[in-house]
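Here is the structure we will look at.
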Amino acid sequence: MQNNGYELRNQSEIREELIGKEFRVLDYGFVRLVDVMGEDSSICQSARVSYGKGTKTLREDDTLIRYLMRHLHTSPFEMVEVKFHIRLPIFIARQWIRHRTANVNEYSGRYSEMTDDFYLPEIHQIRTQSQINKQARSEEELDSNIANQIIENMQNSQQNSYNEYKSYVDSGVAREIARINLPLSSYTEWYWKIDLHNLFHFLKLRLDLHAQYEIRVYAETIANIIKQIFPMSYNAFEDYILNSVTFSRAELSLLQNNFANINFDEIPVDENFPKLEMLELKNKIKFINNL
Ligand SMILES: Cc1cc2nc3c(=O)[nH]c(=O)nc-3n(C[C@H](O)[C@H](O)[C@H](O)COP(=O)(O)OP(=O)(O)OC[C@H]3O[C@@H](n4cnc5c(N)ncnc54)[C@H](O)[C@@H]3O)c2cc1C
């Protein structure tokens with residue numbers, strides 16, 4: 001069934017397709033969906049608890065989810081959870097772990113031996129430092145000979161570090177000490193469980209172009225999975241959070257000064273635009289005009 005720009009498919013079919021499937025990310029990484037608790041209707045079920053009413057139509061569920069998302073009524077989205085098995089380079093794991101609202105259980109380099117998988121960027125990812133964003137790479141790729149040389153150097157030092165590590169382990173040095181010189185490009189793994197509200201927050205931050213490419217590709221893979229399991233919620237997230245912007249008071253003032261007194265009546269009527277959202281738009285315009 002096609003609906004509001006997304007497809008509603010049989011949930012058990014989707015889960016059967018997705019759970020356990022490994023989606024490859026970067027050179028040796030992956031995202032694997034382990035478990036899901038709840039679906040779009042569970043979000044509505046918990047939101048409606050106050051009314052004690054029974055099952056509603058899909059359209060009513062969709063309208064409710066969109067309302068909740070639009071007005072940041074976030075707690076119903078916390079009622080559903082997803083669990084992933086993720087393999088990722090340690091430098092990305094360090095960024096990822098800053099999202100404190102998840103439950104994590106990580107591979108132990110004290111308990112088990114580290115593998116010799118290391119992340120190596122593709123040649124077109126070897127770029128110059130951005131002059132605009134102090135944290136980021138620019139669009140400018142390095143000369144391919146230089147980039148290839150950098151990749152080769154990185155690979156050699158990864159191999160040397162691993163050889164050193166392996167020789168320590170083989171000679172009986174404790175794994176927790178032997179590993180300390182391994183590079184940040186080493187791969188680690190974890191189980192990561194998070195509710196949908198906090199997952200959307202993670203996606204908002206990590207799908208953004210300001211996020212590092214190597215974490216963004218994981219966020220894109222997760223978004224693609226979530227879109228299928230929670231089609232209504234993901235669609236609402238895309239409409240009201242991911243693809244929306246907020247304006248500061250100063251920015252609104254500036255807009256108001258330059259495009260003074262927008263007349264609500266001059267906005268062409270769009271039959272597809274929900275009546276309630278038209279009313280909300282009217283209130284926003286009133287707010288700007290009164291600044
Ligand atoms: C592009 C980008 C660049 C970044 N650069 C840096 C950097 O240079 N250095 C750096 O250290 N970090 C950096 N970060 C990490 C960033 O500061 C956040 O730590 C990270 O994005 C997690 O966000 P969060 O705290 O909102 O998420 P979560 O930890 O998932 O928390 C979600 C929300 O819960 C609430 N919350 C959670 N825990 C607490 C708490 N203990 N107290 C109060 N409220 C809480 C907050 O409202 C928070 O927004 C960067 C992030 C991004 C996206």
Side-chain angles (χ1 to χ4, degrees), residues 25-26 29 31-38 42-43 46-47 65 68-107 119 121-122 124-140 183-227 229-230 233-234 236-249 251:
V25 189
L26 301 178
V31 167
R32 190 168 67 83
L33 179 68
V34 174
D35 212 350
V36 184
M37 189 182 86
S42 334
I43 294 162
S46 57
I65 282 180
L68 296 169
M69 188 69 77
R70 207 160 67 244
H71 293 279
L72 302 177
H73 290 194
T74 52
S75 54
F77 297 99
E78 293 170 22
M79 293 295 164
V80 296
E81 291 191 324
V82 275
K83 183 160 69 184
F84 291 102
H85 178 188
I86 291 158
R87 191 160 199 263
L88 68 175
I90 288 176
F91 70 96
I92 292 305
R94 283 189 57 178
Q95 297 182 356
W96 199 307
I97 203 72
R98 300 301 307 279
H99 297 266
R100 297 158 288 178
T101 41
N103 303 104
V104 184
N105 196 55
E106 188 176 0
Y107 184 91
Y119 171 63
E122 287 176 5
H124 63 274
Q125 291 300 339
I126 312 276
R127 315 246 190 97
T128 57
Q129 172 62 42
S130 164
Q131 297 307 312
I132 308 159
N133 180 343
K134 289 190 177 155
Q135 282 195 325
R137 70 197 76 168
S138 72
E139 292 296 312
E140 190 192 336
L184 288 173
S185 54
S186 308
Y187 271 85
T188 184
E189 291 180 31
W190 58 34
Y191 270 57
W192 192 67
K193 179 170 76 69
I194 190 161
D195 65 61
L196 194 58
H197 163 59
N198 285 298
L199 179 58
F200 281 148
H201 181 63
F202 170 88
L203 291 178
K204 168 82 177 160
L205 295 175
R206 301 302 178 176
L207 286 174
D208 191 278
L209 283 179
H210 291 97
Q212 181 164 347
Y213 162 78
E214 283 81 4
I215 195 165
R216 217 163 60 226
V217 286
Y218 281 90
E220 284 165 4
T221 307
I222 289 177
N224 210 22
I225 294 172
I226 294 302
K227 193 182 286 188
I229 311 174
F230 303 101
S233 303
Y234 193 83
F237 164 68
E238 275 189 323
D239 284 353
Y240 300 119
I241 309 287
L242 191 62
N243 298 320
S244 74
V245 287
T246 52
F247 292 101
S248 69
R249 180 156 65 170
E251 287 167 340

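Numbering of ligands and ligand atoms starts at 1, following listing order. Any value given below was found using the heavy atoms of this structure, including those in side chains, with hydrogens, waters and symmetry copies removed. Computed from a predicted model, the values in this text were never measured in an experiment.
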Q: Looking only at non-hydrogen atoms, find the nearest pair between I65 and F77 and report the distance.
A: O-CZ, 3.9 Å
Q | atom 51 (C) of ligand 1: any protein heavy atom closer than 4.0 Å | A | yes
Q: Measure the distance from atom 45 (C) of ligand 1 to every protein heavy atom, then report the residue, atom name and distance (to 0.1 Å) of the closest one.
A: R100 NH2, 3.9 Å
Q) Among pairs that include at least one residue of residues 194-220, which meet salt bridge (Lys or Arg N to Asp or Glu O under 4.0 Å), considering only residues two or more places apart or in two chains? A) R137-E214
Q. Any donor and acceptor pair, going by atom type alone, linking the side chain of R127 with main-chain N or O of H124 inside 3.5 Å?
A. yes
(Q) Q135 versus ligand 1: do any nitrogen or oxygen atoms come within less than 3.5 Å of each other? (A) yes
Q) Any side-chain heavy-atom pair from L88 and T188 closer than 4.5 angstrom? A) yes
Q. How are the rings of F200 and Y234 set to each other: parallel, tilted or perpendicular (split at 30° and 60°)?
A. tilted
Q) Would you say atom 43 (C) of ligand 1 touches the protein, meaning some protein heavy atom is under 4.0 Å from it? A) no
Q) Starting from atom 19 (O) of ligand 1, which protein heavy atom do you reach first, and at what distance in Å? A) R98 NH2, 3.5 Å
Q | Verify atom 38 (N) of ligand 1: protein non-hydrogen atom under 4.0 angstrom away | A | yes
Q) Heavy atoms of the protein only: does one fall short of 4.0 Å from atom 12 (N) of ligand 1? A) yes
Q: Measure the distance from atom 14 (N) of ligand 1 to every protein heavy atom, then report the residue, atom name and distance (to 0.1 Å) of the closest one.
A: R206 NH2, 4.6 Å
Q. Between I194, I215, T101, L205, which one has a non-hydrogen atom sitting closest to atom 30 (O) of ligand 1?
A. T101
(Q) Hydrogens and angles aside, do R87 and Y218 bring a side-chain donor and acceptor to less than 3.5 Å of each other? (A) no
Q: For ligand 1, indicate whether the residue Q95 contacts it via side chain, backbone, both or neither (heavy-atom separation under 4.0 Å).
A: neither
Q | Partners meeting side-chain contact (heavy atoms from CB on, under 4.5 Å) with K193 (sequence neighbours left out) | A | E81, K83, N103
Q.
Tell me whether S138 contacts the main-chain N or O of T128 through its side chain, where contact means a donor paired with an acceptor under 3.5 Å.
A. yes
**Q.** Which residue and heavy atom of the protein sit nearest atom 26 (O) of ligand 1, plus the separation
**A.** H201 NE2, 2.6 Å
(Q) Looking at atom 35 (C) of ligand 1, tell me if a protein heavy atom falls under 4.0 Å from it. (A) no
